[in-house]
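Below you'll find the structure, written out as structure tokens, and then a few comments.
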Number of protein chains: 2
Amino acid sequence: MTLNMNPSDDRSRSDQIAQILEDQILTGRFAPGARLDEASLAEEHRVSRTPIREAFQRLAQSGLVVQQPRRGVFVRTSSAVEILEMFEVMAELESVCGRLAARRATDAAIAELRAINAECRAAREANDVDLYYQKNGVFHHLLYAQSGNRFLEQEAARLHRRLKPYRRMQLFLRGRLKQSMDEHEAIVEAIAAGDAPRAAELLRDHVAVQGEKFHHVMSHLPDA
Amino acid sequence: MTLNMNPSDDRSRSDQIAQILEDQILTGRFAPGARLDEASLAEEHRVSRTPIREAFQRLAQSGLVVQQPRRGVFVRTSSAVEILEMFEVMAELESVCGRLAARRATDAAIAELRAINAECRAAREANDVDLYYQKNGVFHHLLYAQSGNRFLEQEAARLHRRLKPYRRMQLFLRGRLKQSMDEHEAIVEAIAAGDAPRAAELLRDHVAVQGEKFHHVMSHLPDA
DNA sequence: GTCATGATTTTTGTATACGATAAGGTTGAC
DNA sequence: GTCAACCTTATCGTATACAAAAATCATGAC
């Protein structure tokens, strides 16, 4: 039997590169509108153009870059409007997750939610924005999973990831951490009580407010 | 100046092949679980393996095939559960489209909906299932567009396309055409009246029933 | 000085070549 | 006869090569 010693090496090189490029785009190494050069990226990653191109395919499919035939690939310039639209959809998806979770959640699931929420609270009390940000992500993913709908879970996670950079920036707004935390508490309690409509409503608002905050931050930026 | 006589040729060959393969998978040329052979497909389309592989990347990303490293690509076997999950998400997305459309729709938009709905009715009265199927698709896409949220429109269209083969099979159930048509009428009226909650509810049910019908068809199949 | 036309260069898209890995068959031991 | 180790073969993943198209630059007309 052939054992695979390192599971992370199980993916092809182009897969890994796609992941790296995605992170780099999301974290801002490549500015929106920037062109991704096959040759230089190939050199940088010590591979030929082939894996780079395969990585591009994936990025294009997930909407991070656009491919212009015979022109090249460019980091997609998401306008503020597009991002607000994405937040609107995210709010609805999370709302659905909450509604389904409230109906389907078991006692064990609720305990899990409470546990991760406690970690969020600890992070907030320590004023550790990074940790809160991370735990907040875990909380939301847990919620997606507890919708009981695997497909929904994946779609929600995909959009969540896509909105990552825009969600992060508004966490630094004064008072947002506490507000977010309070909303988490209410959401968990609604789910625990099996109150599906309320869980749905709370989650929609919880995410929609992120869109509004994003809008707020954007409108106070010098230029975009 | 080099004119491009055929706009459809503007896309790269691998794009076209991805499209063709997608259609062939959705229409059943390749059965679920079947392996897609690079070499033979390359020969068939008179290209090298490169465009075929690029097409595979897209198909994999959109979830139609799975790539097993060093093994090949296989048509994804969507279990009935997965498909039902997708219908559940589709119902929610369409519901959101309807809610937003009811709030945002202009008189012109409502007239458009009524017009395409009339075409649906004509197709039903002529008992032309194929035409109804097609016009029904136009109706739903129009609805996605009238959500006023471009991103939502795209996501809804994507999932709609993915569910295409499963939606089609249940149109042949006795009485489904009339039922579907009646639901359309009610939906348009709710939007025209600006009744967002009702439009949302009607659309969720309209799509959810498709999932149920799919389930019904599946459970009466010999084996799957 | 500006604009259009043509040559050069760059870069994309596809083909081909090659190394690596997994599947399948064959041989041999027990 | 069965199982295991090895070898062969097929296929994947990546590198390289080449052709076509677009971008850039230069030249020249007005």
Side-chain angles (χ1 to χ4, degrees), chain A residues 1-22 24-25 30-31 33-62 64-77, chain B residues 1-22 25 30-31 33-77:
Chain A
M1 179 180 180
T2 324
L3 278 179
N4 199 329
M5 292 306 178
N6 192 346
S8 69
D9 278 352
D10 195 26
R11 302 173 328 201
S12 64
R13 195 83 186 87
S14 53
D15 265 17
Q16 296 176 29
I17 291 170
Q19 194 76 34
I20 292 170
L21 288 179
E22 185 175 331
Q24 290 182 334
I25 290 170
F30 298 107
R35 180 171 157 280
L36 297 183
D37 187 59
E38 288 183 3
S40 53
L41 283 172
E43 193 178 4
E44 179 181 332
H45 292 279
R46 308 301 187 99
V47 293
S48 75
R49 281 173 50 220
T50 311
I52 301 293
R53 285 180 60 82
E54 298 206 341
F56 283 176
Q57 298 278 342
R58 301 189 39 169
L59 297 178
Q61 200 67 25
S62 69
L64 270 163
V65 303
V66 288
Q67 283 180 305
Q68 296 187 3
R70 291 269 168 209
R71 297 282 315 270
V73 313
F74 302 84
V75 178
R76 181 155 189 183
T77 57
Chain B
M1 181 180 179
T2 324
L3 277 179
N4 200 329
M5 293 305 177
N6 191 344
S8 70
D9 278 346
D10 195 27
R11 301 172 329 200
S12 64
R13 196 81 186 89
S14 52
D15 261 21
Q16 297 176 28
I17 291 170
Q19 195 76 32
I20 293 169
L21 288 178
E22 185 174 331
I25 291 171
F30 298 106
R35 181 171 158 280
L36 298 182
D37 186 58
E38 288 182 5
S40 54
L41 283 171
E43 194 178 3
E44 179 181 332
H45 292 280
R46 308 302 188 97
V47 293
S48 73
R49 283 174 48 221
T50 311
I52 301 292
R53 285 180 59 81
E54 297 206 342
F56 283 175
Q57 298 279 341
R58 308 234 175 131
L59 298 178
Q61 199 66 25
S62 70
L64 270 163
V65 303
V66 288
Q67 284 179 304
Q68 296 189 4
R70 294 267 171 211
R71 297 282 316 271
V73 314
F74 301 83
V75 178
R76 180 157 189 182
T77 59

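Keep in mind that what you see is a predicted model, and the values were worked out from it rather than measured. Residue numbering restarts at 1 for every chain, and letters A, B, ... go by the order of the sequence lines. Reckoned from all heavy atoms, side chains included, excluding hydrogens, waters and symmetry mates.
Taking 4.0 angstrom as the limit, B:Arg13 places none of its side-chain polar atoms (N or O) nearer than this to OP1 or OP2 of C:dG13. Residue A:Arg35 places none of its side-chain N or O atoms closer than 4.0 Å to OP1 or OP2 of D:dA23.
Note: CG (A:Asp37) to C1' (C:dT10) measures 10 Å, nearest angstrom. Atom C1' of nucleotide D:dG13 and atom CZ of B:Phe56 are separated by 14 Å, given to the nearest angstrom. The separation between B:Gln67 atom CD and D:dT14 atom P is 11 Å, rounded to whole Å. Rounded to an integer number of Å, the gap from B:Leu36 CG to D:dC12 C1' is 14 Å. The interatomic distance linking A:Glu43 (CD) with C:dT11 (P) rounds to 12 Å, in whole Å. Between A:Gln57 atom CD and D:dT14 atom P the separation is 14 Å, expressed in whole Å. Nucleotide C:dG13 holds its P atom 13 Å from the CD atom of B:Gln16, rounded to whole Å. The distance between atom NE2 of A:His45 and atom C1' of D:dT14, rounded to the nearest whole Å, is 15 Å.
Between B:Val65 and B:Leu36, the closest side-chain pair of non-hydrogen atoms falls below 4.5 Å. Contact annotation: the side chain of A:Phe30 never approaches that of A:Leu64 to less than 4.5 Å [non-hydrogen atoms, C-beta and beyond].
The side chain to side chain contact (heavy atoms under 4.5 Å, CB included) check on A:Ser48 picks up A:Thr50, A:Pro51, with sequence neighbours excluded. Listed by chain and number, the residues in a side-chain hydrogen bond (donor to acceptor under 3.5 Å, both in side chains) with A:Gln61 amount to none (sequence neighbours excluded). In terms of the side-chain hydrogen bond (donor to acceptor under 3.5 Å, both in side chains) criterion, A:Arg71 has no residue partners (sequence neighbours excluded). Looking at residues two or more places apart in sequence or on another chain, you find a side chain to side chain contact (heavy atoms under 4.5 Å, CB included) between A:Arg35 and A:Asp37, A:Phe74. A:Gln57 is linked by a side-chain hydrogen bond (donor to acceptor under 3.5 Å, both in side chains) to B:Glu54, B:Arg58, counting only residues two or more places apart in sequence or in another chain. Residues passing the salt bridge (Lys or Arg N to Asp or Glu O under 4.0 Å) test with A:Glu43, sequence neighbours excluded: none. In this structure, the side chain to side chain contact (heavy atoms under 4.5 Å, CB included) partners of B:Arg76, at least two apart in sequence or on a different chain, are B:Val66, B:Ser78, B:Glu82, B:Arg162.
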Under-3.5 Å N/O pairs linking protein and nucleotides 7-10 of chain D:
none

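A donor-acceptor contact under 3.5 angstrom links the side-chain atoms of A:Arg70 to the base of C:dT12.
The stretch residues 47-55 of chain A comes close to DNA chain D through A:Val47, A:Ser48, A:Arg49, A:Thr50, A:Pro51, each having a heavy atom under 4.0 Å from the strand.
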